[in-house]
S.K.: 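The structure follows.
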There are 2 protein chains.
Amino acid sequence: MPRYANVPGPTIRRLSLYLRQLEAMWSAGRDTVSSKQLGDALGVTDAQVRKDLAYFGQFGRPGIGYRVPHLIDQARMILGTDQTWRAALVGAGNLGRALIAYRGLARKGFKIVAVLDRDASIIGRPLPDSDGLAVLPVSTLPEVVPAKNIRIGIIAVPAPEAQPVADLMLQAGVQGIVNFAPVALNVPPGVPVSAIDLAIHFEQVAFQVAELAD
Amino acid sequence: MPRYANVPGPTIRRLSLYLRQLEAMWSAGRDTVSSKQLGDALGVTDAQVRKDLAYFGQFGRPGIGYRVPHLIDQARMILGTDQTWRAALVGAGNLGRALIAYRGLARKGFKIVAVLDRDASIIGRPLPDSDGLAVLPVSTLPEVVPAKNIRIGIIAVPAPEAQPVADLMLQAGVQGIVNFAPVALNVPPGVPVSAIDLAIHFEQVAFQVAELAD
DNA sequence: GCTTGTGAAACGTTTCACAGCA
DNA sequence: TGCTGTGAAACGTTTCACAAGC
């Protein structure tokens, strides 16, 4: 029963960008915006912006443009960030701790309510900037996920541990995964996974720079 | 004079994935791989793998497949990670320090050789896991970039500071940017930028999960 | 028998261009 | 006049299907 079954993937990715830009514009005191203005700010054509938004409804007014706060509300509803998403983080290394401290996630409604690790030497330790969370053993995932109403799992462990952690997460009832480990996860079809491989982004820049030089 | 002008963007993004998977397979002792095997590991069709690789040359042997180490070498050459890329990191907060400590970047040839920040209270401080780097003032970017042969800039500062930092980086001679700030950078056309907005990846998972539920 | 490389077909996305409305 | 929403055209990417090679 998908709400937006025929919406192209690229459109959904850009919707996140539109929302981010709209929030910035609203903070800057802007009340309305045209597809051209929104597109220019993001390097997208005005036609693209209109087509994208039209997949979800008719939000604009000819001659005027889009009302910024209204479009923000709509985009949040569509993306699901009008609600709070409780997440479990596995891996309390440098990256994991950076995620805990990052306010941008909470601001979007993502709350890390459990932090787990395999390393016995850090289990039980309180985490800075975390509202008093302490590190739990990964093995408690099956109890913690239902008990804390967790829907999203965050993987921030070394590559070789990522697959077993993902398996355990899904078994525990997690509905979607954000994966920072540099490895392709094998999950059942239809399970939402977003992968962020830092090194790959650097590689893409390196390729483009090399292209320019030659 | 681009070497690979007509190669689709998605193909270049997948080439990074192929390389990562091939490195894992080589570590696991695999010597040859077919397009089907490589594709299955990544959720891509065999035809897609072959088309992608064929944009860059003829690397395979009918009836056999691809020689793993040879394909790794080729992919590294194409992506540019057969060389070392020296990078400057601006922003020594939680995320910045996680990047400094992350070995995966160095393993791919990306070396952070300068760390800068605006915050006077941390300037001069030595950084853990950094080979003895100390934090420099952002204002020294114009001297540091040429002096240390830096080609890539990494932005890990709060959103409002990202644009001025980007401007300063490009003025200082940086050739490409990896941007972790949740804001669209305005850069001259053709300047390679890769943007990583952590919150957006979470949002995409939330959307997909919400789609399943309804 | 198995697998590549590749034209051709199928498919999906973006851009165009304009009717209709403020 | 300015701007949206949208069919239709243009463009780009993926999949198909098979000849050729191991």
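Only heavy atoms go into these numbers, but all of them, side chains included; no hydrogens, no water, no symmetry mates. Each chain gets a letter, A, B and so on, in the order the sequences are listed, and its residues count up from 1. All of these numbers come straight from a predicted model, not from anything done at the bench.
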S.K.: For the backbone of A92(A) and the side chain of R97(A), can you confirm whether one donor and one acceptor N or O come within less than 3.5 Å of each other?
M.R.: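 Confirmed, R97(A) side chain pairs with A92(A) backbone.
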S.K.: Grab the CG-C1' distance between N6(A) and dC11(C) for me, whole Å please.
M.R.: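 Roughly 14 Å, once rounded to whole Å.
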S.K.: In whole angstrom, give the distance that lies between atom CZ of F59(A) and atom C1' of dC21(C).
M.R.: 19 Å
S.K.: Would you say Q204(B) and S194(A) are linked by a side-chain donor-acceptor pair, where the criterion is simply a distance under 3.5 Å?
M.R.: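 Distance-only check fails for S194(A) and Q204(B).
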S.K.: Which one of R30(B), K108(B), R107(B) satisfies the salt bridge (charged side-chain N to carboxylate O under 4.0 Å, His left out) criterion with E23(B)?
M.R.: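 Among R30(B), K108(B), R107(B), the one meeting salt bridge (charged side-chain N to carboxylate O under 4.0 Å, His left out) with E23(B) is K108(B).
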S.K.: Using a cutoff of under 3.5 Å, can you pull out all pairs of nitrogen or oxygen atoms linking the protein to nucleotides 20-22 of chain D, with atom names and distances?
M.R.:
{"from": "dG21(D)", "atom 1": "N2", "to": "G63(B)", "atom 2": "N", "distance (Å)": "3.1"}
{"from": "dC22(D)", "atom 1": "O4'", "to": "P62(B)", "atom 2": "O", "distance (Å)": "3.1"}

S.K.: Picking from dT13(C), dG5(D), dT14(D), which would you name as closest to the side chain of P10(B)?
M.R.: dT14(D)
S.K.: Taking atom CZ as the centre, does R14(A) end up with more than 12 heavy-atom neighbours from other residues, nucleotides or ligands that are less than 6.0 angstrom away?
M.R.: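 Yes, CZ of R14(A) has more than 12 neighbouring heavy atoms, counting only those of other groups under 6.0 Å.
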S.K.: Write down the distance between CD (Q37(B)) and C1' (dC2(C)), rounded to a whole number of angstrom.
M.R.: 11 Å
S.K.: Can you pull out every side chain to side chain donor-acceptor pair (under 3.5 Å) where at least one residue sits in residues 173-188 of chain A? Sequence neighbours excluded, please.
M.R.: R151(A)-Q175(A)
S.K.: K36(B) has an atom NZ; how far is it from atom P of dC16(D), in whole Å?
M.R.: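 Distance, rounded to whole Å: 13 Å.
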S.K.: Taking CG from D46(B) and P from dA17(D), how many angstroms apart are they, rounded to a whole number?
M.R.: 13 Å
S.K.: Atom CG of L15(A) and atom P of dT13(C): how far apart are they, to the nearest Å?
M.R.: 15 Å
S.K.: Which is true for K51(B) with a 4.0 Å heavy-atom rule: it touches a base, it touches only sugar-phosphate, or it touches nothing?
M.R.: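 Base, at least one base heavy atom under 4.0 Å.
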S.K.: Less than 4.0 angstrom between a side-chain N/O of Y66(A) and OP1 or OP2 of dG5(D), yes or no?
M.R.: yes
S.K.: What's the closest nucleotide to the T45(B) side chain, out of dT15(D), dT4(D), dT14(D)?
M.R.: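 In terms of side-chain proximity for T45(B), the closest of dT15(D), dT4(D), dT14(D) is dT15(D).
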S.K.: Return no unless some side-chain N or O of S35(B) is found under 4.0 Å from OP1 or OP2 of dT3(C).
M.R.: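 So the side chain of S35(B) is outside the cut-off, no N or O lying under 4.0 Å from OP1 or OP2 of dT3(C).
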S.K.: Does a side-chain N or O from Q48(B) land closer than 4.0 Å to OP1 or OP2 of dT13(D), or not?
M.R.: no
S.K.: Measure from CG on L53(A) to P on dT15(C) and round the result to the nearest Å.
M.R.: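 These atoms are roughly 15 Å apart.
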S.K.: Taking for each residue the nucleotide of DNA chain C with the nearest heavy atom, is it P8(A) or R50(B) whose nucleotide lies nearer the 5' end?
M.R.: R50(B)
S.K.: Q48(A) side chain to T45(A) main-chain N or O, any donor-acceptor pair under 3.5 Å?
M.R.: no
S.K.: Relative to the ring of F207(A), is the ring of Y4(B) parallel (under 30°), tilted (30 to 60°) or perpendicular (over 60°)?
M.R.: parallel
S.K.: Establish, with yes or no, whether the OP1 or OP2 oxygen of dT6(C) is under 4.0 angstrom from a side-chain nitrogen or oxygen of Q58(B).
M.R.: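 Affirmative; the distance criterion is met.
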S.K.: Without decimals, in angstroms, what is the distance between D52(B) CG and dT14(D) C1'?
M.R.: 9 Å
